[in-house]
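Worth knowing before you read on, the calculation uses all heavy atoms, side chains too, and leaves out hydrogens, waters and symmetry mates.
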Amino acid sequence: MNKVALIQEIMFNWEAYSIEEIKDMVKDLPMKLLRYLGSEHPDNRVRKLFFRLSNVSIGGGGSY
């Protein structure tokens, strides 16, 4: 599957896959693209996965 088709599948049909399947699907994507997907994906669970895979720390440190 090419990158465009893969990203469309992940963005719009993520409910058909487990977190482990998504993790395997994106293993060859560049970090920059994973961070982008983490900021734009509609599902919080998948966003967290992308941020963790791209070494973005999540939580703590916020002052609201």
Side-chain angles (χ1 to χ4, degrees):
M1 184 179 307
N2 68 40
K3 284 184 186 178
V4 173
L6 176 62
I7 291 167
Q8 287 178 339
E9 186 69 13
I10 291 168
M11 290 296 286
F12 302 111
N13 197 26
W14 77 91
E15 293 170 324
Y17 302 98
S18 71
I19 287 292
E20 287 303 315
E21 289 172 315
I22 293 172
K23 189 175 179 179
D24 188 53
M25 292 166 72
V26 302
K27 68 180 181 244
D28 295 326
L29 294 179
M31 294 278 191
K32 189 173 187 175
L33 189 50
L34 289 174
R35 284 190 293 273
Y36 168 77
L37 289 170
S39 66
E40 297 296 327
H41 199 278
D43 184 74
N44 187 46
R45 172 181 66 109
V46 178
R47 279 196 308 270
K48 287 180 182 179
L49 169 67
F50 292 143
F51 284 140
R52 286 188 183 112
L53 291 175
S54 63
N55 299 318
V56 173
S57 55
I58 304 167
S63 59
Y64 294 99

Practice task
Compare all side-chain heavy atoms of Phe50 with those of Ile22 and state whether any distance is below 4.5 angstrom.
Solution key: yes
Handout entry: Close side-chain approach of Leu49 and Val26, heavy atoms under 4.5 Å
Key = no
Practice task
Determine the minimum heavy-atom distance between Leu29 and Leu33, stating which atoms define it.
Solution key: CD2-CD2, 3.9 Å
Exercise for the section: Side-chain contact test, heavy atoms from C-beta onward, threshold under 4.5 Å: evaluate it for Gln8 versus Met11 and give yes or no. Expected result: no
Problem - Tyr36, OH: over 12 other non-hydrogen atoms inside 6.0 angstrom - result: no
Problem - Shared hydrophobic cluster for Ile10 and Phe12 (ILVMFWY, side-chain gaps under 4.5 Å) - result: yes
Problem - Nearest heavy-atom neighbours spanning Lys3 and Pro30 - result: NZ-CD, 4.1 Å
Handout entry: Cluster link Met31 to Leu53, ILVMFWY, side chain under 4.5 Å
Key = no
Practice task
Say whether Tyr17 and Phe51 are linked into one hydrophobic cluster, either directly or through other cluster members, by side-chain heavy-atom distances under 4.5 angstrom.
Solution key: no
Problem - CZ on Arg52 to CD1 on Ile19, rounded to 0.5 Å - result: 9.5 Å
Handout entry: Verify same cluster id: Met1, Ile7 (apolar side-chain graph, 4.5 Å)
Key = yes
Problem - Single-linkage hydrophobic cluster Met25~Val46, side-chain heavy atoms < 4.5 angstrom - result: yes
Exercise for the section: Hey, could you give me the NE2/NZ distance between His41 and Lys48, rounded to the nearest 0.5 Å? Expected result: 14.0 Å
